[in-house]
2 protein chains.
Amino acid sequence: MLAIAYAPERQETPTRHTPHTASDGLVKRPFEGLDGGAVRVVNAKDHVFREGDPASHVYIVEAGHLCIYRVLPDGRRQVMDFAYPGDIVGLGAIEAHGTNAQATERTRVRCFTLGDLREKAHDNGAFCMALYSAMSQELVAARELVVTVGHRTATEKVASFLLALSRRNARRGTSPNELVLPMTRSDIADFLGLTIETVSRTFTKFRHDGVIDLEQCVLVTIRDPRKLADLAGGTASGKWNA
Amino acid sequence: MLAIAYAPERQETPTRHTPHTASDGLVKRPFEGLDGGAVRVVNAKDHVFREGDPASHVYIVEAGHLCIYRVLPDGRRQVMDFAYPGDIVGLGAIEAHGTNAQATERTRVRCFTLGDLREKAHDNGAFCMALYSAMSQELVAARELVVTVGHRTATEKVASFLLALSRRNARRGTSPNELVLPMTRSDIADFLGLTIETVSRTFTKFRHDGVIDLEQCVLVTIRDPRKLADLAGGTASGKWNA
DNA sequence: CGAAGGTTTGACATTAGTCAACTCCGGTGG
DNA sequence: CCACCGGAGTTGACTAATGTCAAACCTTCG
């Protein structure tokens with residue numbers, strides 16, 4: 001059965017109003033409950049799957065990182081997500097994949113056929129729930145990304161991106177203020193709906209303002225998390241704030 | 001069981017590359033297989049549920065339209081979707097709703113508790129598949145919206161919005177060239193990540209260019225579908241085209 | 001050492017946002 | 001019945017943010 005149980009069932013109260021506080025993109029959590037499966041290693045820039053490929057498997061990242069993206073007919077690219085170790089990718093495709101999954105570096109994934117999944121789901125309610133939850137998280141992440149690319153300034157976009165990475169680190173027990181960026185500026189730009197120049201300039205601005213340190217383009221140290229949060233929040237952009 | 005079966009299971013071929021052609025936003029299809037449930041009528045501007053409400057029900061729109069949106073702490077608003085009759089809303093929330101669902105006009109919905117859903121899913125594989133498919137469509141729609149707000153110009157955004165409505169009409173058997181907009185300019189602007197002024201100007205431009213007719217701000221007639229598609233596609237924006 | 005790819009920086013162009021005025025329409029009440 | 005009012009939409013002038021183009025700079029890798 002599809003595990004959508006457990007939420008309390010009461011009538012909606014049409015009164016209260018609880019706007020969400022700034023949730024981060026990249027909200028996904030490690031996917032638990034799947035083991036076995038075939039290991040596959042993909043080199044940097046190789047694809048685990050591409051748009052249009054039959055959706056035969058889902059994958060769990062074991063080491064390395066994947067860049068999940070779509071390309072438009074004219075070549076523009078939108079990065080949808082970055083998959084970290086523990087993340088499950090490929091869920092939600094019905095017949096064919098609607099995205100590409102490219103390794104940003106040499107990456108190891110574990111592959112599970114949809115048959116595996118179905119079988120496991122058949123006799124394991126908790127696993128079902130985990131699957132449902134994973135899809136929900138994808139949806140939440142996608143919606144968060146919509147908000148980011150649609151309604152935030154370049155400063156806010158980059159700041160909230162860094163904060164999201166920081167929170168992900170925190171959840172995984174690594175230092176929240178030492179970020180290693182496993183993706184290129186181009187990936188970041190295409191994720192946030194900016195150009196690489198704007199991303200680069202924004203990083204530089206943050207560095208000059210003492211918010212971050214930057215080494216070798218890839219190692220970010222957050223010096224002033226408080227200020228970074230301000231920059232991400234929207235009150236700091238100069239427009240928008242009441 | 002969770003119905004994620006039926007896709008052919010073969011090894012990925014890492015060679016082929018099939019970029020998607022312009023898929024539209026608002027891809028969702030009427031949800032089949034649920035009947036019964038309590039009827040609820042909400043007046044224009046009233047909410048079916050709000051951010052933070054416990055996720056107790058899902059809803060199927062029977063008449064009228066809903067505007068699904070999120071608000072940021074500082075008041076900015078991102079419209080995520082417009083729900084039409086036959087659409088299911090509220091799926092994907094785990095504990096609490098992450099979005100608001102507001103009626104753009106007097107609207108009738110049918111309410112189902114998650115218990116209803118679970119029960120039905122328990123002994124009906126096809127229904128399970130429908131649920132999974134509905135969530136996948138939400139995800140696809142959210143991703144399409146990311147592409148639209150992230151990488152398209154104002155012209156492209158409005159054009160693809162109109163095209164999406166047109167296709168939706170076509171799928172539902174109504175005229176693809178006679179669109180009734182059940183939402184305000186403000187809703188459209190917050191959907192596309194634009195201001196109402198820009199939306200208005202773009203409509204005006206389309207009208208002057210003979211692409212559409214516009215009556216009473218609410219009735220759009222597509223006069224030149226071909227050109228509208230061009231405008232939406234990206235090749236017509238003046239930048240981006242190789 | 002040289003080439004290639006990624007990154008940074010600068011000067012400039014352009015898009016879309018901002019602010020403000022005006023119009024249009026529907027509803028309400030004298 | 002008509003005048004007024006308010007909300008939504010339109011239009012215009014101006015501004016600011018971000019994209020564009022071009023060049024220089026680093027690293028890495030052969």
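Every heavy atom of this structure was used, including side-chain atoms; hydrogens, water molecules and symmetry mates were not.
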Would you kindly give the [atom1]-to-[atom2] distance between [X] and [N], to the nearest whole Å?
| X | N | atom1 | atom2 | answer |
| --- | --- | --- | --- | --- |
| Met183(B) | dA8(D) | CE | P | 15 Å |
| His208(A) | dG10(C) | NE2 | C1' | 14 Å |
| Arg152(A) | dA17(D) | CZ | P | 18 Å |
| Leu181(B) | dA8(D) | CG | P | 16 Å |
| Ile196(B) | dA20(C) | CD1 | C1' | 12 Å |
| Asp187(A) | dT7(C) | CG | P | 9 Å |
| Arg185(B) | dC25(C) | CZ | C1' | 14 Å |
| Arg76(A) | dT20(D) | CZ | C1' | 15 Å |

| Got a sec, which pairs hit salt bridge (Lys or Arg N to Asp or Glu O under 4.0 Å) with one end in residues 55-66 of chain A, sequence neighbours left out? |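 Non-adjacent pairs meeting salt bridge (Lys or Arg N to Asp or Glu O under 4.0 Å): Glu62(A)-Arg108(A), Glu62(A)-Arg110(A).
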| query | Within the structure, does a side-chain N or O atom of Thr195(B) lie under 4.0 Å from either OP1 or OP2 of dA16(C)? | reply |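 It does not, given that no N or O in the side chain of Thr195(B) lies less than 4.0 Å from OP1 or OP2 of dA16(C).
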| Taking only side-chain nitrogens and oxygens of Lys205(A), does any of them come within less than 4.0 Å of OP1 or OP2 of dT18(D)? |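 For dT18(D), neither OP1 nor OP2 has a side-chain N or O of Lys205(A) closer than 4.0 Å.
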| Cation-pi geometry met for Arg168(A) and Tyr84(A) (6.0 Å, 45°) | yes
| Relative to Phe203(B), does Arg185(B) satisfy both conditions: NZ or CZ under 6.0 angstrom from the six-membered ring centre, and within 45 degrees of the ring's axis? |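 The answer is yes; both the distance and angle limits are met.
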| task | For the pair Asp87(B) and Arg171(B), find out whether any cationic side-chain nitrogen is under 4.0 Å from an anionic carboxylate oxygen. | result |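 No.
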Please pick, from [options], the nucleotide with the shortest atom-to-atom distance to any side-chain atom of [X].
| X | options | answer |
| --- | --- | --- |
| Thr184(B) | dT9(C), dG9(D), dT18(D) | dG9(D) |
| Thr153(A) | dT18(C), dG9(D), dT18(D) | dT18(D) |
| Thr198(A) | dG19(D), dG17(C), dT8(C) | dG19(D) |
| Arg201(B) | dT8(C), dA16(C), dT11(D) | dT11(D) |
| Leu194(A) | dG19(D), dT10(D), dT8(C) | dG19(D) |

Report which part of the nucleic acid [X] touches: base, sugar-phosphate, or nothing (heavy-atom distance under 4.0 Å, all strands).
| X | answer |
| --- | --- |
| Glu197(B) | base |
| Leu214(A) | sugar-phosphate |
| Lys45(A) | sugar-phosphate |

| task | Could you pull out the closest heavy-atom pair between Ser160(B) and Thr148(B), with the gap in Å? | result | OG-CG2, 4.4 Å
